[in-house]
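Read through the structure below, which is laid out as C-alpha coordinates, and then see the notes.
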There are 2 protein chains.
Amino acid sequence: MRNRLKVLRAERDWTQADLATAVDVSRQTINAIEKGKFDPSLPLAFKFSRLFDQTIEQIFFADDDE
Amino acid sequence: MRNRLKVLRAERDWTQADLATAVDVSRQTINAIEKGKFDPSLPLAFKFSRLFDQTIEQIFFADDDE
DNA sequence: CCTTTAAGTAAAGTGTGTTTGACATATAGT
DNA sequence: ACTATATGTCAAACACACTTTACTTAAAGG
(Lines give C-alpha, C1' and ligand atoms only; values in the text may rest on other atoms or scores of the structure.)
Protein backbone atom coordinates (compact mmCIF):
# COMPACT_ATOMS: atom_id res chain seq x y z
CA MET A 1 0.00 0.00 0.00
CA ARG A 2 1.07 3.49 -0.82
CA ASN A 3 -0.33 6.57 0.85
CA ARG A 4 -0.51 10.34 0.63
CA LEU A 5 0.24 11.08 4.28
CA LYS A 6 3.42 13.01 3.56
CA VAL A 7 1.61 15.28 1.10
CA LEU A 8 -1.37 15.75 3.39
CA ARG A 9 1.05 16.69 6.16
CA ALA A 10 2.95 19.08 3.92
CA GLU A 11 -0.26 20.84 2.89
CA ARG A 12 -0.86 21.57 6.56
CA ASP A 13 2.78 22.09 7.48
CA TRP A 14 2.65 19.33 10.05
CA THR A 15 5.59 17.29 11.27
CA GLN A 16 5.42 13.52 11.64
CA ALA A 17 5.22 14.15 15.37
CA ASP A 18 2.23 16.48 14.88
CA LEU A 19 0.38 13.85 12.88
CA ALA A 20 1.30 11.16 15.39
CA THR A 21 -0.23 13.22 18.17
CA ALA A 22 -3.36 13.89 16.11
CA VAL A 23 -4.08 10.21 15.58
CA ASP A 24 -2.62 9.08 18.87
CA VAL A 25 0.24 6.86 17.75
CA SER A 26 4.01 7.21 18.06
CA ARG A 27 6.10 9.29 15.69
CA GLN A 28 7.91 6.13 14.61
CA THR A 29 4.62 4.59 13.55
CA ILE A 30 3.90 7.54 11.26
CA ASN A 31 7.39 7.33 9.85
CA ALA A 32 7.11 3.59 9.22
CA ILE A 33 3.75 3.96 7.47
CA GLU A 34 5.01 6.82 5.31
CA LYS A 35 8.09 4.83 4.40
CA GLY A 36 5.96 1.81 3.51
CA LYS A 37 7.37 -0.43 6.21
CA PHE A 38 3.90 -1.54 7.17
CA ASP A 39 0.26 -0.69 6.65
CA PRO A 40 -1.82 0.92 9.38
CA SER A 41 -4.53 -1.07 11.09
CA LEU A 42 -8.05 -0.43 9.82
CA PRO A 43 -8.98 1.65 12.90
CA LEU A 44 -5.91 3.82 12.37
CA ALA A 45 -6.78 4.22 8.68
CA PHE A 46 -10.21 5.47 9.79
CA LYS A 47 -8.53 8.00 12.07
CA PHE A 48 -6.53 9.38 9.15
CA SER A 49 -9.69 9.42 7.08
CA ARG A 50 -11.59 11.46 9.64
CA LEU A 51 -8.66 13.75 10.37
CA PHE A 52 -8.10 14.68 6.74
CA ASP A 53 -11.78 14.41 5.80
CA GLN A 54 -11.01 12.11 2.91
CA THR A 55 -12.05 8.53 2.28
CA ILE A 56 -9.58 5.80 3.05
CA GLU A 57 -9.38 5.14 -0.68
CA GLN A 58 -8.35 8.76 -1.25
CA ILE A 59 -5.48 8.43 1.21
CA PHE A 60 -4.32 4.83 0.74
CA PHE A 61 -4.02 2.89 -2.48
CA ALA A 62 -2.63 -0.41 -3.60
CA ASP A 63 0.82 -0.47 -5.08
CA ASP A 64 2.18 -3.08 -7.42
CA ASP A 65 2.42 -6.13 -5.22
CA GLU A 66 -1.13 -6.70 -4.12
CA MET B 1 -15.71 -1.67 14.11
CA ARG B 2 -18.90 -3.15 12.82
CA ASN B 3 -19.35 -4.41 9.28
CA ARG B 4 -21.93 -5.50 6.73
CA LEU B 5 -20.17 -8.65 5.56
CA LYS B 6 -22.93 -11.00 6.66
CA VAL B 7 -25.52 -9.01 4.73
CA LEU B 8 -23.33 -8.67 1.67
CA ARG B 9 -22.82 -12.42 1.77
CA ALA B 10 -26.51 -13.09 2.18
CA GLU B 11 -27.36 -10.91 -0.81
CA ARG B 12 -25.14 -13.16 -2.89
CA ASP B 13 -26.03 -16.39 -1.08
CA TRP B 14 -22.41 -16.99 -0.17
CA THR B 15 -21.15 -19.00 2.77
CA GLN B 16 -18.36 -17.78 5.03
CA ALA B 17 -16.16 -20.32 3.27
CA ASP B 18 -17.08 -18.84 -0.13
CA LEU B 19 -16.15 -15.37 1.00
CA ALA B 20 -12.95 -16.65 2.59
CA THR B 21 -11.92 -18.19 -0.70
CA ALA B 22 -12.78 -15.01 -2.60
CA VAL B 23 -10.51 -12.84 -0.47
CA ASP B 24 -7.97 -15.57 0.20
CA VAL B 25 -8.17 -15.93 3.96
CA SER B 26 -9.35 -18.76 6.20
CA ARG B 27 -13.00 -19.38 7.01
CA GLN B 28 -12.21 -18.74 10.68
CA THR B 29 -10.93 -15.29 9.81
CA ILE B 30 -14.22 -14.38 8.10
CA ASN B 31 -16.15 -15.73 11.05
CA ALA B 32 -14.04 -13.78 13.56
CA ILE B 33 -14.41 -10.53 11.61
CA GLU B 34 -18.17 -10.98 11.25
CA LYS B 35 -18.48 -11.72 14.95
CA GLY B 36 -16.43 -8.61 15.80
CA LYS B 37 -13.56 -10.52 17.38
CA PHE B 38 -11.06 -8.42 15.47
CA ASP B 39 -10.80 -5.98 12.60
CA PRO B 40 -9.33 -6.98 9.26
CA SER B 41 -5.99 -5.60 8.17
CA LEU B 42 -6.16 -2.66 5.77
CA PRO B 43 -5.14 -4.80 2.77
CA LEU B 44 -7.91 -7.26 3.60
CA ALA B 45 -10.41 -4.41 3.93
CA PHE B 46 -9.40 -3.30 0.43
CA LYS B 47 -10.05 -6.81 -0.87
CA PHE B 48 -13.59 -6.73 0.53
CA SER B 49 -14.02 -3.28 -0.96
CA ARG B 50 -13.01 -4.42 -4.43
CA LEU B 51 -14.95 -7.66 -4.20
CA PHE B 52 -18.23 -5.99 -3.26
CA ASP B 53 -17.51 -2.84 -5.27
CA GLN B 54 -18.20 -0.63 -2.27
CA THR B 55 -15.95 1.75 -0.40
CA ILE B 56 -14.41 0.58 2.83
CA GLU B 57 -16.58 3.13 4.61
CA GLN B 58 -19.68 1.52 3.10
CA ILE B 59 -18.71 -1.87 4.46
CA PHE B 60 -17.02 -1.05 7.77
CA PHE B 61 -18.02 1.54 10.30
CA ALA B 62 -17.06 2.55 13.78
CA ASP B 63 -19.12 1.24 16.64
CA ASP B 64 -19.46 2.77 20.09
CA ASP B 65 -16.01 2.27 21.56
CA GLU B 66 -13.73 4.15 19.23
C1' DC C 1 30.87 25.80 14.53
C1' DC C 2 27.03 24.92 17.57
C1' DT C 3 22.32 24.11 18.53
C1' DT C 4 17.81 22.92 17.35
C1' DT C 5 14.36 20.55 14.88
C1' DA C 6 12.72 17.00 11.64
C1' DA C 7 13.32 12.75 9.85
C1' DG C 8 15.33 8.00 9.57
C1' DT C 9 16.42 3.75 11.79
C1' DA C 10 17.09 -0.22 15.04
C1' DA C 11 16.23 -3.49 19.01
C1' DA C 12 13.18 -5.45 22.19
C1' DG C 13 8.76 -5.96 23.87
C1' DT C 14 3.42 -6.25 23.72
C1' DG C 15 -0.75 -7.06 21.43
C1' DT C 16 -3.51 -8.17 17.35
C1' DG C 17 -4.40 -10.46 12.74
C1' DT C 18 -4.32 -14.75 10.61
C1' DT C 19 -3.40 -19.76 10.01
C1' DT C 20 -4.18 -24.75 10.79
C1' DG C 21 -6.46 -28.37 12.99
C1' DA C 22 -9.93 -29.92 15.62
C1' DC C 23 -14.32 -30.23 17.73
C1' DA C 24 -19.27 -28.61 18.79
C1' DT C 25 -23.77 -27.06 17.40
C1' DA C 26 -27.65 -26.14 14.23
C1' DT C 27 -30.38 -26.92 10.27
C1' DA C 28 -32.11 -29.45 6.45
C1' DG C 29 -32.76 -33.45 3.50
C1' DT C 30 -33.11 -38.49 3.08
C1' DA D 1 -31.55 -41.85 12.89
C1' DC D 2 -28.07 -40.48 9.60
C1' DT D 3 -25.50 -37.44 6.66
C1' DA D 4 -24.11 -33.18 4.81
C1' DT D 5 -23.44 -28.37 5.08
C1' DA D 6 -22.90 -23.98 7.54
C1' DT D 7 -21.55 -21.74 11.51
C1' DG D 8 -19.27 -21.08 16.07
C1' DT D 9 -15.29 -21.67 18.88
C1' DC D 10 -10.67 -22.94 20.91
C1' DA D 11 -5.64 -23.54 21.18
C1' DA D 12 -1.11 -23.09 19.42
C1' DA D 13 1.74 -20.94 16.38
C1' DC D 14 3.48 -17.25 13.41
C1' DA D 15 3.48 -12.60 11.20
C1' DC D 16 2.53 -7.93 11.59
C1' DA D 17 1.09 -3.31 14.01
C1' DC D 18 2.69 -0.48 17.38
C1' DT D 19 5.42 1.18 21.62
C1' DT D 20 9.51 2.85 24.03
C1' DT D 21 14.22 4.03 24.14
C1' DA D 22 17.93 5.43 21.89
C1' DC D 23 21.11 6.66 18.39
C1' DT D 24 22.02 8.87 13.70
C1' DT D 25 21.62 12.06 9.83
C1' DA D 26 20.26 16.31 7.52
C1' DA D 27 18.87 21.01 7.18
C1' DA D 28 18.60 25.67 8.95
C1' DG D 29 19.80 29.63 11.87
C1' DG D 30 22.40 31.77 15.26
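To find a chain, count down the sequence lines: A is the first, B the second, and so on, and within it residues start at 1.
In this structure, Lys6(B) places its NZ atom 11 Å from C1' of dA6(D), rounding to the nearest Å. Atom-to-atom, CZ of Phe48(B) to C1' of dG17(C) comes out at 12 Å; the value is rounded to the nearest Å. The interatomic distance linking Leu44(B) (CG) with dA17(D) (C1') rounds to 15 Å, in whole Å. In this entry the distance linking CG of Leu42(B) with P of dA17(D) reads 9 Å, nearest Å. Rounding to whole angstrom units, CD1 of residue Ile30(A) and C1' of dA17(D) are separated by 12 Å. Here the P atom of nucleotide dT14(C) and the CD atom of Gln28(A) are 18 Å apart, to the nearest Å. Atom NZ of Lys35(A) is separated from atom P of dG8(C) by 4 Å (rounded to the nearest Å). The separation between Ile33(A) atom CD1 and dT9(C) atom P is 15 Å, rounded to whole Å.
None of Asn31(B), Ile30(B), Leu8(B) except one satisfies the side chain to side chain contact (heavy atoms under 4.5 Å, CB included) rule with Leu19(B); the exception is Ile30(B).
OP1 or OP2 of dG8(D) has at least one side-chain nitrogen or oxygen of Asn31(B) nearer than 4.0 Å. At least one side-chain nitrogen or oxygen of Ser26(A) sits closer than 4.0 Å to the OP1 or OP2 atom of dT19(D).
Under a 3.5 Å cut-off, the side chain of Thr21(A) and the backbone N or O of Ala17(A) do form a donor-acceptor pair. Between the Arg4(A) side chain and the Gln58(A) main chain, a donor and an acceptor come within less than 3.5 Å of each other. Panel note: side chain Asp39(A), backbone Pro43(B); no donor-acceptor pair is recorded below 3.5 Å.
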Report task. Determine, stepwise, if the pair Ile56(B) / Leu42(A) fulfils side chain to side chain contact (heavy atoms under 4.5 Å, CB included). Result -> CA-CA 10 Å; Ile56(B) 290 176; Leu42(A) 186 57; 4.0 Å; yes
**Report entry** Verdict with supporting geometry, Trp14(A) and Leu5(A), side chain to side chain contact (heavy atoms under 4.5 Å, CB included)
**Finding:** CA-CA 10 Å; Trp14(A) 288 353; Leu5(A) 292 181; over 6 Å; no
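Listed candidates were dA22(C), dG8(C), dA17(D). Nearest to the side chain of Asp39(A) is dA17(D). Counting only heavy atoms from C-beta on, Arg27(A) has its side chain closest to dG8(C) among dC18(D), dG8(C), dT18(C).
For the residue pair Asp18(B) / Thr15(B), a side-chain donor-acceptor distance below 3.5 Å is found, with atom types taken as modelled.
Counting non-hydrogen atoms under 4.0 angstrom, Lys37(A) reaches the backbone sugars and phosphates but no base. No contact: Glu34(A) has no heavy atom under 4.0 Å from any strand. Across all strands shown, Ser41(A) has heavy atoms under 4.0 Å from sugar-phosphate atoms exclusively, and none from any base.
Contact check of residues 7-21 of chain A against DNA chain D (heavy atom, cut-off under 4.0 Å) returns no residues at all.
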